[in-house]
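Working notes, beginning with the structure itself.
Heavy-atom basis, side chains included; hydrogens, waters and symmetry copies ignored. Values in this document were obtained by computation on a predicted structure and should not be read as measured data. Sequence lines set the chain letters: A, B, ... in the order given, protein chains first and strands last, and positions in each chain run from 1.
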Amino acid sequence: QKEVEQNSGPLSVPEGAIASLNCTYSDRGSQSFFWYRQYSGKSPELIMSIYSNGDKEDGRFTAQLNKASQYVSLLIRDSQPSDSATYLCAVIFLRTGGGNKLTFGTGTQLKVEL
Amino acid sequence: EPEVTQTPSHQVTQMGQEVILRCVPISNHLYFYWYRQILGQKVEFLVSFYNNEISEKSEIFDDQFSVERPDGSNFTLKIRSTKLEDSAMYFCASSETPRGDRGHFGNGTRLTVT
């Protein structure tokens, strides 16, 4: 059973601070890693994808991947109240013969406080 | 920006009735998926579809579920005889590659079974 684990939170950070969200996964064969943001009652919105070890930056967001430790994280710099949402970690274990499903964690609720 | 379109946004049905949830994936995407999210729970994979056939399905996707791509644009999920526990948000997603590049979710259909 392939699992993705996240701390459910809530994680509270003050406005302007760095929010650090973490995720671990059980399957060493996992090859694609994603962070989605989900506002209450809305669909997941893709923020970042990362495929190789190291850091990937996009604006205020940095994704970090460590395949040896089976660990992926998301840093949000200069956190804004509008960043308050649930952040979903998702992984894909590539297989042949068609689309590859996303396996999601339960999500971490982030609250950015004024 | 291209988007995945789902209709209806909300469907209420009685237990035992058939429902069809509709999706229009992004036009140049080749891989299509259905996911569901029961209120307060994580996003769960139902089925993936590529080259006009199912490529993978989960244990949730039993004989009551079916998918179809009746024409070049629509992708549908049918539930033949709904149960109370089918009440959930159903998300359609599509991606350009099996790796999930540029994967996008639709806004979802909230299914309520009474």
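Put simply, A:L110 and A:F34 are part of two different groups of oily side chains (I, L, V, M, F, W, Y) that touch within less than 4.5 Å, one to the next. The hydrophobic clustering, which links ILVMFWY residues whose side-chain heavy atoms are closer than 4.5 Å, places A:L75 and A:Y87 apart. Under the 4.5 Å side-chain contact rule for hydrophobic residues, A:L88 and A:W35 do not share a cluster. By the rule that hydrophobic residues join a cluster once side-chain heavy atoms approach within less than 4.5 Å of another member, B:F49 and B:I60 end up as members of one cluster.
Annotation: maximal heavy-atom pairing with chain A below 4.5 Å, among B:L46, B:L39, B:V43, occurs at B:V43.
The 12-atom threshold is not exceeded at CD of B:E59, counting heavy atoms of other residues, nucleotides or ligands nearer than 6.0 Å. Environment of CG in B:D62: crowded, with over 12 heavy atoms of neighbouring residues, nucleotides or ligands closer than 6.0 Å. Atom NZ of B:K57 sits in a sparse spot, with 12 or fewer heavy atoms from other residues, nucleotides or ligands closer than 6.0 Å.
For the pair A:K101 and B:F45, the tightest heavy-atom approach, listed with the atom from each and the gap, is CB-CD1, 3.3 Å.
Separating the NE2 atom in B:H104 from the OG atom in A:S43 is a distance of 11.0 Å, to the nearest 0.5 Å. Separation of atoms OG1 (A:T103) and NZ (B:K42) is listed at 8.0 Å; rounding is to 0.5 Å. From A:I92, atom CD1 reaches atom OG of B:S95 across 7.0 Å, with rounding to the nearest 0.5 Å.
A 4.5 Å side-chain heavy-atom check between A:L102 and B:F105 finds at least one atom pair inside the cut-off. Using a 4.5 Å cut-off on side-chain heavy atoms (C-beta onward), A:Q38 and B:Q37 make contact.
If you measure heavy-atom distances from A:S49 to chain B, you find no contacts under 4.5 Å at all. With a 4.5 Å cut-off on non-hydrogen atoms, B:Y35 touches chain A through its side chain but not through its backbone. Contacts of B:N107 with chain A are made by both backbone and side-chain atoms, with heavy-atom separations under 4.5 Å.
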